[in-house]
Visitor: 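Provided herewith is a single structure, encoded as structure tokens, for subsequent inquiry.
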Amino acid sequence: NGKTRAMTAIHYETNVLDLWELLNRCMGKPELAARVIQRFQKQLQGDLEKIAAALNSGNVEAARESAHRLKGAAANVAAHGLQEQAHALE
């Protein structure tokens, strides 16, 4: 199915997230995992923009808070590299 292929492509082409860990968290349901990824993708852009704006304005606390939110969201989708980067920024 299309969602499963898309999820596999995300995992194998970008190595951004651990697809198998995410599937395990989603009770083995690819449709649920795809919805989780879609929500994460929508939230990601906003989080990155908030971090950039906070850093550009010198608001370190706002940047830290946004990085903390991003770290948690990345952990939820098993995007461990992004989680580590957000933790470092935090």
Visitor: Over all heavy atoms of both residues, which pair between Ser66 and Asp47 is shortest? Give the atoms and the distance, please.
Guide: CB-O, 4.5 Å
Visitor: Glu84: what forms a salt bridge (charged side-chain N to carboxylate O under 4.0 Å, His left out) with it, not counting sequence neighbours?
Guide: none
Visitor: Under the side-chain contact (heavy atoms from CB on, under 4.5 Å) test, which residues partner Ala62, sequence neighbours left out?
Guide: Ala54, Asn59
Visitor: Considering all heavy atoms of both residues, which atom of Ala33 and which atom of Cys26 are nearest to each other, and what is their separation?
Guide: CA-SG, 3.6 Å
Visitor: Measure from the side-chain N and O atoms of Asn56 to the backbone N and O of Ala52, and report whether any donor-acceptor pair falls under 3.5 Å.
Guide: yes
Visitor: To the nearest 0.5 angstrom, please state how far the CG atom of Leu70 sits from the CD1 atom of Ile51.
Guide: 5.0 Å
Visitor: Which heavy atom of Gln83 sits nearest to which heavy atom of Ala74, and what is that distance?
Guide: N-CB, 3.7 Å
Visitor: Do Leu82 and Phe40 pass the side chain to side chain contact (heavy atoms under 4.5 Å, CB included) test, and can you show the C-alpha distance, the side-chain angles, and the key distance before you say yes or no?
Guide: CA-CA 12 Å; Leu82 180 57; Phe40 174 72; 3.6 Å; yes
Visitor: Output the distance between atom CZ (Arg64) and atom CZ (Arg69), rounded to the nearest 0.5 Å.
Guide: 10.0 Å
Visitor: Any chance NE2 of His87 has more than 12 other-residue heavy atoms, nucleotides or ligands included, within less than 6.0 Å?
Guide: no
Visitor: What distance separates Gln43 CD from Lys50 NZ, expressed to the nearest 0.5 Å?
Guide: 8.0 Å
Visitor: Say whether Val36 and Met27 are linked into one hydrophobic cluster, either directly or through other cluster members, by side-chain heavy-atom distances under 4.5 angstrom.
Guide: yes
Visitor: Looking only at heavy atoms, which two atoms of Leu22 and Asn76 are closest? And how far apart?
Guide: CD1-O, 3.9 Å
Visitor: How long is the gap from CG on Leu17 to CG on Leu23, to the nearest 0.5 Å?
Guide: 9.5 Å
Visitor: Sequence neighbours excluded, which residues qualify as salt bridge (charged side-chain N to carboxylate O under 4.0 Å, His left out) partners of Lys71?
Guide: Glu90
Visitor: Salt bridge or not for Arg25 and Glu21, using N-O below 4.0 Å?
Guide: yes
